Amino acid sequence: MSNLASRYNPAEVEEKWYAHWEYRGYFHSEPDDREPFSIVIPPPNVTGILHMGHMLNNTVQDILVRKARLDGKNACWVPGTDHASIATEAKVVRMLREKGIKKSDLTRTEFLKYAWEWTDKYGGIILKQLRRLGASCDWERTAFTMDDSRSSAVIQAFIDLYDRGKLYRDYRMVNWDPEGQTVLSNEEVLYSDETTTLCYVKYRVEGSDETITIATTRPETIMGDTAIAVHPDDPKYARLKGQNVIVPIVNRVVPVIFDDYVDREFGTGALKITPAHDPNDYEIGKRHELPTVDVLNPDGTMGEAATVYIGEDREVARKKLIRDLTEQGLMEKTEAYTHSVGRSERTNAIVEPRLSLQWYVDMKALARPALEAVISDHIQFHPERQKNIYRHWMENIRDWCISRQLWWGHRIPAYYYKDKVYVAKTREEALMLAEQDYGPMLDSHDLKQDEDVLDTWFSSWLWPITCFNGFENEKELSYYFPISVLVTGWDIIFLWVARMIMSGFEWKNDRAFKEVYFTGMVRDQQRRKMSKSLGNSPDAVDLIDRFGADGVRFGVLSSSPAGGDLLFDEKLCEQGRNFCNKMWNALRLIKGWEVDNSADNQDNRIAIRWIESRLSEILADLEDDYMNYRLSDITMKLYSFVRDDFCSWYLEMIKPQYGKGIDQDTLDKTIRIYSQVCTMLHPLMPFITEEIWHNLKPREEGEDCMISCYPKASDRDELLLRSMRSVQNLVSSIRETRNTKNLKPKEILPIYVQDNGQNLFSDDRFHAILKKLSFISEISVVTDLPPNGSSILSDNEKYFLQYDVEIDLDAEKARILSDLEYAKGFVASVQRKLSNDKFVNNAPEQVVSKERKKLADGLERVKILEENLTALQ
RNA sequence: GAGGGUAUAGCUCAGUUGGUUUAGAGCGCUUGCUUGACAGGCAAGAGGUCGGCAGUUCGAGUCUGCCUAUCCUCACCA
């Protein structure tokens, strides 16, 4: 018996092998003459920690990279992190606030010092956690979106776009995050239905006692009203033509205007117009040349122009205004109202429409080649349905707002002097340009760099190029680009994927990726997306501690059909852990065998030939599954191959009887087969397979599972595979009989095989299986029909099993009758089909002959069952 | 408002160009099994009129249309 523990212990094994692989340099890739396989990580936030989404995403990437490596490709997986402009800045601001420091009290330089300290302290934790998961990243290439190489590429990209006329600055209504105090792109605003109060407020008509009532959810913006709008065809309000109304609180006199934007059916059919605080009102304001009164400060508090509640938060002011309007008798009524509210993806603050001057990328031209490449499958999406979603967005693409009023990020390389803009790599260059326009006498202090930074995604959209320093150096990029496959969640298809594809065409005139595999979202058992705020995401590292990295990887994979969402259940990790244990015990079994060359190995040959055929059979399947990213299928196929075919059948067949040894040849071949299985499983479960690989036999230095050669499908013995399936059916039938008759599992039963000239045992080759079979299912084959035999049908072969239990004739008859009824129905339906001329004439020959075979088998079965029934009478 | 997805066993899902009146898997459930690798195990079993209605076809879980339910994306929302 081997001295291995009966339970697999992942902790020490994982640490040992990860260090070993890294020490051997297996993760590192340099361009050479092999076929490249490249992946770039979706860079997690630099100060983030590993969550379930990362686990899924990175497990998938690791599988693809490890598989490519085993296939002999030059595999390179570039890791890295994203500076995550707004998310990180928000964290730093929060940290400072806890220390009693306000961002507004700091200079830009002081703030950035804190931000870098924070990044140095917490940055890269997630990369360490990825190692625990087994991620085989090329750590020497670790990139950061704000390191020198990436930063200079971002600046260059901005300059390039500006020079090509694809960048512009414009004053528009934007999505404003009052907490982060920055503009957001449309993609960074998340909408959800929320219930608020809809206020019906009365406005006095100037010079009359009459009032007009409008409905609004935003009474705090009343002070910014510069008109009341009604529909031109609305008879209710026709009389108000040319009239003015008085805005409550501020008593401003504003006109009643007529615009067909107004929905006559909504509320009262009258709409207050606040051009500074609503995109539609802004448009209406432009049409009617209305003034714009901005009553809010950038931080969401009431501004000077509001005249009341100055400095109070908009939410607080809203409540107070509702109270005031009610007291003044101007509130007709209020009602609960549910509508869609946009919140900042990062700070969760309610987004405020606000007018401001920002930088935009003109997306129309960029989108064209990017759309075409995906529609034509030049870049292949998995699952394919994501193509539609992509197309829909690309066809309706809007310009991308890329400036952010933040400090943490890449500062916009635009310099302003008087009314001119100079876009340049450095201040010196900008100065030179300004001097060309204004002469060398200008006061250089008046040349001001843009205060804003760029959207985080403006650096990550260059990631496939910048990961290989592609703005500086063609050599590496020309080898690794296009990236073989991008693995990411579908939730960032617009924020990231679409834009990377656009940047690929813009700068490399090529597709950024050959394929894109979208993973689903990891959800909890109530189908809620896992998130920090819900607190429904398990601690990833804790899961690894409890189930082992391989167990967790198995758990994540086994329910991750290509692109579908994953309902995470810890139970699956437990199953993964148990599976590791199963493999571990198969190793213990093999290691425990003593070699005895006097043992007869003839019978084992057939078992070896069978398992090799099976292996070859699934290898072909797996190749196809890899092509289609069917990772859960791969997982389940290998799981059942190891558990059922290898352990339950193969090892049981060759297992020496108690106290006996095994011949060297069988042992060697078993070790070879198990090693191959390790290689096949390695991409999914790298640690345990490496451990078993090394335990199976002494290995040379550097002879590691991770860099072994992935087996190729070879010829297989189809007849043997079929026959073995028959044998398995028979064994199942015998076991079922034992179970239903309450027979002792170890009691040896005589079995008689009725030779019908075509059953397994009329073939000499299978006498070996027969012997093995008797060992597995505790039977002994007899040559005479036993006096008290009970018949078993396995396929169409008939066996008699003898046992010392009184046979319940009625029950037996009922069982046979029900089988018979079924078989007859089956035959009838096949006959019906075959007697249909249209079927026989139209269906392919293959299908028809298959039906004929079915009929023959069915008739045979009916015959046997009838004989059995007669025998019972 | 525009577009898209999904509906198969108690649960989560496969079912790959239509071809088994016998629709699979995992988990869960029931039953039986512990000196011999593994109870984190083994064996056996139960459980489904493939959301509904029409249609195409020799043949539909699979294709088409409509309906129902449910989810998602984008836009809008006083």
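If you're wondering where the values come from, they're calculated on a predicted model, not measured in any experiment. Side chains included, hydrogens not; waters and symmetry mates left out as well; all remaining heavy atoms used.
For the pair A/Asp565 CG and B/rC11 P, the interatomic distance rounds to 18 Å; values are reported in whole Å. Here B/rG4 presents its P atom at 18 Å from CZ of A/Phe518, a figure rounded to the nearest Å. The distance between atom CG of A/Leu834 and atom P of B/rG19, rounded to the nearest whole Å, is 17 Å. In this entry the distance linking CZ of A/Arg398 with C1' of B/rA75 reads 7 Å, nearest Å. As a whole-Å value, the separation of A/Lys571 NZ from B/rG10 P is 19 Å. A/Leu198 has its CG atom 9 Å from the P atom of B/rA78, to the nearest Å. B/rC71 atom P lies 16 Å from atom NZ of A/Lys529, rounded to whole Å. As a whole-Å value, the separation of A/Asn175 CG from B/rA75 P is 9 Å.
Under the side-chain hydrogen bond (donor to acceptor under 3.5 Å, both in side chains) criterion, A/Arg852 pairs with no residue at all, not counting sequence neighbours. Every residue was checked against the ring pair (Phe, Tyr, Trp, His ring centres under 6.0 Å) condition with A/Trp593, not counting sequence neighbours, and none meets it. Taking A/Asn585 as the reference, A/Arg588 meet the side-chain hydrogen bond (donor to acceptor under 3.5 Å, both in side chains) condition, with sequence neighbours excluded. Scored by the ring pair (Phe, Tyr, Trp, His ring centres under 6.0 Å) test, A/Phe646 finds A/Tyr650, A/Tyr674 as partners (sequence neighbours excluded). For A/Phe494, the ring pair (Phe, Tyr, Trp, His ring centres under 6.0 Å) partners at least two apart in sequence or on another chain are A/Trp393.
Closest contact between the side chain of A/Arg577 and the listed nucleotides B/rG40, B/rC72, B/rG19 involves B/rG40. Among the nucleotides B/rU73, B/rC38, B/rU12, the one closest to the side chain of A/Leu567 is B/rU12.
The same atom, P, is picked in B/rC58 and in B/rC53; the two are 23 Å apart, to the nearest Å. Atom name C1', nucleotides B/rU49 and B/rU21: the rounded distance is 12 Å, in whole Å.
Side-chain N/O atoms of A/Asn578 include one lying less than 4.0 angstrom from OP1 or OP2 on B/rG41. Regarding contacts with the backbone of B/rG15, a side-chain N or O of A/Arg630 is found under 4.0 angstrom from either OP1 or OP2. Within the 4.0 Å cut-off from OP1 or OP2 of B/rG26, at least one side-chain nitrogen or oxygen of A/Arg643 is found. For B/rG40, one of the phosphate oxygens OP1 or OP2 lies less than 4.0 angstrom from a side-chain nitrogen or oxygen of A/Arg7. OP1 or OP2 of B/rG19 has not a single side-chain nitrogen or oxygen of A/Lys854 nearer than 4.0 Å. Note on A/Lys655: a side-chain N or O is less than 4.0 Å away from OP1 or OP2 of B/rA37.
The aromatic rings of A/Tyr8 and A/Trp584 sit tilted, their planes meeting at an angle between 30° and 60°.
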Legend entry - Nucleotide-level pairing of RNA chain B, given in dot-bracket where Watson-Crick and G-U pairs need both distances under 3.5 Å and | marks other strands: (((((((..((((.....[....)))).(((((.......))))).....(((((..]....))))))))))))....

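To the nearest 0.5 Å, atoms CE (A/Met52) and CZ (A/Phe568) are separated by 3.5 Å.
Here salt bridge (charged side-chain N to carboxylate O under 4.0 Å, His left out) pairs that include residues 219-232 of chain A, with residues two or more places apart or in two chains, are A/Arg218-A/Glu220, A/Glu220-A/Arg318, A/Asp225-A/Lys272.
Between A/His382 and A/Tyr517, the gap from one ring centroid to the other reaches at least 6.0 Å.
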Solution key, residues 187-196 of chain A side-chain donor-acceptor pairs under 3.5 Å, sequence neighbours excluded:
residue  : atom : partner  : partner atom : Å
A/Glu187 : OE1  : A/Arg499 : NH2          : 2.9
A/Glu188 : OE1  : A/Ser185 : N            : 2.8
A/Glu188 : OE1  : A/Ser185 : OG           : 3.0
A/Glu188 : OE1  : A/Arg404 : NE           : 3.4
A/Glu188 : OE1  : A/Arg404 : NH2          : 2.5
A/Glu194 : OE1  : A/Arg343 : NH2          : 3.2
A/Glu194 : OE2  : A/Arg343 : NE           : 2.7
A/Thr195 : OG1  : A/Thr338 : OG1          : 2.9

Find every protein N or O atom lying less than 3.5 Å from an N or O atom of nucleotides 43-47 of chain B, and list the pairs.
residue : atom : partner  : partner atom : Å
B/rA43  : OP1  : A/Ser648 : OG           : 3.3
B/rA44  : OP1  : A/Ser732 : OG           : 3.0
B/rA44  : O4'  : A/Asn739 : ND2          : 3.0
B/rG45  : OP1  : A/Glu736 : OE1          : 3.4

